[in-house]
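What follows is one structure encoded as structure tokens, with my remarks underneath.
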Amino acid sequence: MPAISASAPGKVILLGEHAVVYGQPAIAVPLNKVKAKAIVAARPDKPAGWVGLHAPDIGLETTLMDLPANDPLAYAIKLVFDELGVSRPPAMNIRITSTIPVAAGLGSGAAVTVAIIQALSRFLGRQLPNEQVSTLTYEVEKLHHGTPSGIDNTVITYSRPVFFERSSKGDGDRVETFKVAIPFTIVIGDTGIPSPTSIAVREVRCAWQEEPQRFEDLFERVGGIVKSARRAIEQGEIESLGLLMNQNQELLGEMGVSSKELDHLLQVARATGAHGAKLSGGGRGGNMIALVASEMAEQVSQALREAGATNTIVTEING
Ligand code: PMV
């Protein structure tokens with residue numbers, strides 16, 4: 001049996017994080033410069049049922065049997081076995097590598113899961129359709145934080161810019177790919193401060209429970225901005241998109257998920273000529289993004305690094 005490999009990109013949330021958990025739309029794009037990869041190879045020297053796991057980036061060398069059931073890797077593999085009705089899989093080794101920075105809001109966990117699910121299901125002789133890959137990945141995402149909106153698994157599985165709206169009735173999320181009239185460039189800057197999404201999401205939930213009216217109003221305003229941003233992208237109005245990103249950032253600040261390090265990088269990006277800038281993902285730390293003219297990307301990147309960003313990535317978004 002030949003080795004089977006699959007890879008999945010990172011992702012960036014362009015607009016709408018947090019509000020998306022409460023049913024508002026959000027826009028996310030794949031980040032193709034960084035990838036997670038899974039390679040599944042037969043191990044005829046081992047008994048059936050044996051599954052070796054090797055993830056050199058995180059120093060993991062183990063077997064499925066030795067991982068706790070709630071380990072995300074183990075859970076992803078078991079979900080595929082269950083989905084395909086495989087009770088005694090052929091012996092195999094799964095090797096996982098990733099260039100996606102971890103705990104930085106760039107979707108590393110979801111990308112690893114998508115790559116495993118795709119490679120493993122193909123290895124077992126049945127390629128799962130995207131919709132199923134996304135649903136299974138969502139189940140694994142729940143281990144990371146209890147109430148994910150579903151946007152990460154969606155954008156990473158489909159590997160296209162998506163306009164995503166979580167269903168409030170559990171009757172299917174609204175997932176739309178859309179036209180990017182003119183490709184645009186974003187610079188991603190990492191504050192270097194790890195910030196687990198689960199904590200930010202939980203704190204927003206507590207704040208919303210304390211002040212439901214204020215927070216619902218904030219979420220709704222974010223939703224309006226996201227819809228306008230989609231139109232701006234579809235019509236190639238890049239400067240309007242920048243302004244909308246700034247407005248979204250204001251509201252994220254009011255939700256309490258920005259931080260002084262993020263605010264500093266945002267201010268530096270804007271002062272260096274970015275059309276707009278905002279945090280991306282859970283906030284508090286992690287990454288910010290700046291929308292820039294392509295010829296300004298290097299300059300903004302350098303300014304961000306001088307201002308303390310531990311890493312920057314320049315990426316072009318196209319349809
Ligand atoms: O930190 P990230 O990139 O995984 O993004 C979290 C986005 C939130 O809207 C805050 C949570 C979610 O599940 O959508």
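One-based numbering, in listed order, for ligands and for the atoms of each.
Between Arg95 and Glu61 no salt bridge is recorded (no basic side-chain N to carboxylate O distance below 4.0 Å). No salt bridge links Lys227 with Glu234; every basic N to acidic carboxylate O contact stays at or beyond 4.0 Å. Between Arg231 and Glu237 there is no salt bridge, since no side-chain nitrogen of the basic residue lies less than 4.0 Å from a carboxylate oxygen of the acidic one.
Taking atom 1 (O) of ligand 1 as the reference point, the nearest protein heavy-atom neighbour is Thr197 OG1, 2.7 Å. With respect to atom 13 (O) of ligand 1, the closest heavy atom belonging to the protein is Ser149 N, 2.8 Å.
With Thr154, Asn287, Asp152, Ile151 as candidates, the residue nearest to atom 4 (O) of ligand 1 on a non-hydrogen basis is Asp152. Residue Gly281 holds the heavy atom nearest to atom 5 (O) of ligand 1 of all those in Ala26, Gly107, Gly281.
Of the polar atoms of Gly105, at least one N or O is found under 3.5 Å from an N or O of ligand 1, judged by distance alone.
Under a hydrophobic-cluster definition in which Ile, Leu, Val, Met, Phe, Trp and Tyr are linked whenever side-chain heavy atoms come within less than 4.5 Å, directly or via other members, Ile199 and Val204 are assigned to different clusters. When hydrophobic clusters are built by joining Ile, Leu, Val, Met, Phe, Trp and Tyr residues whose side-chain heavy atoms come closer than 4.5 Å, directly or via intermediates, Tyr75 is not grouped with Val102.
Numbered from 1 in the order shown, with element, the atoms of ligand 1 that lie under 4.0 Å from a heavy atom of Glu17 read 9 (O). Atoms of ligand 1 found under 4.0 Å from any heavy atom of His18, numbered from 1 in the order shown, are 8 (C), 9 (O), 10 (C).
Side chain of Thr99 to main chain of Lys35: a donor-acceptor pair is present (N/O by atom type, distance under 3.5 Å, no hydrogens or angles).
Proximity of Lys11 to ligand 1 is established by a heavy-atom distance of less than 4.0 Å.
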